[in-house]
Number of protein chains: 2
Amino acid sequence: MPVDHEERRKQIAEALLRIADTEGLQSASMRAVAAEAGVSLRLVQYYFTTKQALLLDALARLGTQLQARMDRFVRAAGTPPTPRSTVTAILTSILPTDAESRRITRTYAAYYTLVLGDPALEKQATAQPDLLEGFLARQIGAAQESGEVAPERDPVMTAAGLLAMVNGLGSSVLGGQRTGDAALAVLTHHLDELFGEPR
Amino acid sequence: MPVDHEERRKQIAEALLRIADTEGLQSASMRAVAAEAGVSLRLVQYYFTTKQALLLDALARLGTQLQARMDRFVRAAGTPPTPRSTVTAILTSILPTDAESRRITRTYAAYYTLVLGDPALEKQATAQPDLLEGFLARQIGAAQESGEVAPERDPVMTAAGLLAMVNGLGSSVLGGQRTGDAALAVLTHHLDELFGEPR
DNA sequence: AAGGGTGTGGTACACCTGTACCATGAGCAT
DNA sequence: ATGCTCATGGTACAGGTGTACCACACCCTT
């Protein structure tokens, strides 16, 4: 058995994600995934016994991709990293402004309806935002100590608000209500207001 | 034909919305809707020729319900209405904090995936937020002129940010990441920060 | 050389989906 | 009374769904 299981699983899971991105999860039948991945239906069943398992694995991979993108953005944000550059990097990395972020955001959106109502998926999907929110809150707290952010702001509330705003902005972009650049402008306006003026 | 068409349509559409709320739209088959409404499958077909039509009509009704709720909140906000009370009323009315708003938010969420990718639904769903955003922006602008809001804030950006934040907060509540009260606390914190302190 | 697990293919099965079709009362106009 | 349109019921049909089952070829171990 010289086949690399992980490789095949990745190949199939990413086919699922591709379909979720372009046509939505409702079009991601086992057969469609198999065709997209260029394998037989049986193989999809073989590597992921059930559809639920495939969905869950693909969602985890999507999370990893987003994490990698955020890391990349944070690293590219500037040396030395300041709280402001870090927060800005993370939040802008989530916004659907380029091809990759649009893809990721759309795919997450495709999962959204599915996640509600399925506690198994729910746990998987809420763990990451919780950590992220705490991290952002700490960054804002640090910015407060260095005087960049007004002391009367509550770091936890502010972090939660910013993250929710980015989420909402992302939705509005996907819904065609706003362009990605417009959403970015809204975000930067609020960041400018939170930290000192322009930069 | 002494039957009231509008009444029957309402009965059926609301059955659809009830299913969308409790089990998601993927469980809202024509048969399920018929059963929920207590009518035959044929009748659902009769009053809404196609499923698409039923979905669209129900979505419009949902929009009307939300609009009614917002109106109610705004009227109850206080006399005379101030920009702050109006903005607060509208935004809190959207947040899933009580049974009705939870129902409305959940049902909108159920539509979310469907709306993306279907331009027909998209137009119907983005018209309302656009108007709302403009209205909020004007309220904030008025608050600026009376000195309640700092003049360096951009009303349009601020309105867009707040609305997006409320949207995102709603999602996090539905996802079980936060309680409705916690979301409300985040919102009021930001409103307090936007307008003068507490009240 | 034999055997057994592993990877793969094809296919069948039971079920659910939206929609189309046929039929039948009931009230009203002629 | 005789039609006619409206409102309703039942059911059939074609297609797609996830999953289960059967078969076979390979390679590694014994």
Side-chain angles (χ1 to χ4, degrees), chain A residues 1-60 110-111 113-115 117-121, chain B residues 1-60 110-111 113-115 117-121:
Chain A
M1 56 330 229
V3 284
D4 187 343
H5 263 227
E6 164 58 18
E7 197 56 35
R8 273 258 189 278
R9 288 173 65 91
K10 178 180 173 187
Q11 172 191 5
I12 296 174
E14 292 196 338
L16 182 275
L17 292 180
R18 231 171 299 137
I19 296 181
D21 173 26
T22 56
E23 309 177 55
L25 268 186
Q26 69 275 108
S27 306
S29 68
M30 292 275 133
R31 287 164 176 84
V33 171
E36 172 75 24
V39 300
S40 78
L41 167 61
R42 180 63 179 85
L43 269 207
V44 180
Q45 277 192 270
Y46 182 72
Y47 287 99
F48 305 91
T49 359
T50 172
K51 183 178 190 182
Q52 175 90 346
L54 169 57
L55 286 168
L56 216 116
D57 182 82
L59 180 57
Y111 266 99
T113 312
L114 200 63
V115 167
D118 185 335
L121 287 180
Chain B
M1 58 334 234
V3 284
D4 187 343
H5 263 227
E6 164 58 19
E7 197 56 36
R8 272 259 187 278
R9 288 174 65 91
K10 178 179 173 186
Q11 171 191 5
I12 295 175
E14 292 196 338
L16 184 274
L17 292 179
R18 232 173 297 137
I19 294 180
D21 173 26
T22 56
E23 309 176 56
L25 268 187
Q26 68 275 108
S27 306
S29 67
M30 292 274 134
R31 288 164 175 84
V33 171
E36 172 73 26
V39 300
S40 76
L41 168 61
R42 180 63 180 85
L43 268 208
V44 180
Q45 278 191 272
Y46 183 72
Y47 287 100
F48 305 91
T49 359
T50 173
K51 184 179 190 182
Q52 176 89 345
L54 169 57
L55 286 168
L56 216 117
D57 182 82
L59 180 57
Y111 266 99
T113 312
L114 201 63
V115 167
D118 185 335
L121 287 180

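In what follows, chains are A, B, ... by sequence order, proteins preceding strands, each numbered from 1. Any value given below was found using the heavy atoms of this structure, including those in side chains, with hydrogens, waters and symmetry copies removed. As the structure is a prediction and not an experimental result, all values here were calculated from the model.
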Legend entry - Point-to-point distance, once rounded to the nearest 0.5 Å, from NZ of Lys10(A) to CG of Asp4(A): 10.0 Å

Legend entry - Atom pair distance, as rounded to whole Å: CG in Leu43(A) and P in dA23(D): 19 Å

Inset, instruction - Grab the CG-P distance between Leu54(A) and dT17(D) for me, whole Å please. - result: 14 Å

Inset, instruction - Compare the minimum distances between each of dT19(D), dT8(C), dG10(D) and the side chain of Arg42(B), then state the nucleotide with the smallest one. - result: dG10(D)

Inset, instruction - Using the closest heavy atom to pick a nucleotide of DNA chain D for each, name whichever of Ser29(A) or His5(B) lands nearer the 5' end. - result: His5(B)

Legend entry - N/O donor-acceptor pair under 3.5 Å between Glu36(A) side chain and Leu16(A) backbone: no

Legend entry - Minimum-distance nucleotide to Tyr47(A) side chain [options: dG7(C), dT19(D), dG9(C)]: dG7(C)

Legend entry - Check: Gln45(A) side chain, Thr50(A) main-chain N or O, donor-acceptor pair, under 3.5 Å: no

Legend entry - Protein-nucleotide distance (Met30(A), atom CE; dA20(D), atom P), rounded to Å: 11 Å

Inset, instruction - Could you tell me whether Phe48(A) contacts a base, only the sugar-phosphate backbone, or nothing, with contacts defined as non-hydrogen atoms closer than 4.0 Å? - result: nothing

Inset, instruction - Let me know the distance between CD of Gln52(A) and P of dT17(D), rounded to the nearest Å. - result: 18 Å

Inset, instruction - Kindly indicate whether the side chain of Arg31(B) and the base of dG18(C) share any N or O donor-acceptor pair separated by less than 3.5 Å? - result: yes

Inset, instruction - May I ask you to decide if Ala20(A)'s main-chain N or O and Tyr111(A)'s side chain share a donor-acceptor pair within less than 3.5 Å? - result: no

Legend entry - Atom-to-atom span, NZ of Lys51(A) to P of dT19(D) - whole angstrom: 8 Å

Inset, instruction - Starting from C1' on dA23(D), measure out to OH on Tyr46(A) and report it in whole angstrom. - result: 15 Å

Inset, instruction - May I have the distance from Leu55(A) (atom CG) to dG18(D) (atom P), rounded to whole angstrom? - result: 9 Å

Inset, instruction - Identify, between Gln26(B) and Val39(A), the residue whose nearest nucleotide on DNA chain C lies closer to the 5' end. - result: Val39(A)

Inset, instruction - Could you tell me whether the phosphate oxygens of dT19(D), OP1 or OP2, come under 4.0 Å of any side-chain nitrogen or oxygen in Thr50(A)? - result: yes

Legend entry - Leu41(A), nearest nucleotide to its side chain (from dT11(D), dC6(D), dT19(D)): dT19(D)

Inset, instruction - Examine distances only and state if a side-chain atom of Arg9(B) and a backbone atom of Tyr47(B) form a donor-acceptor pair shorter than 3.5 Å. - result: yes

Legend entry - Separation of dT6(C) P from Asp4(A) CG (nearest whole Å): 16 Å

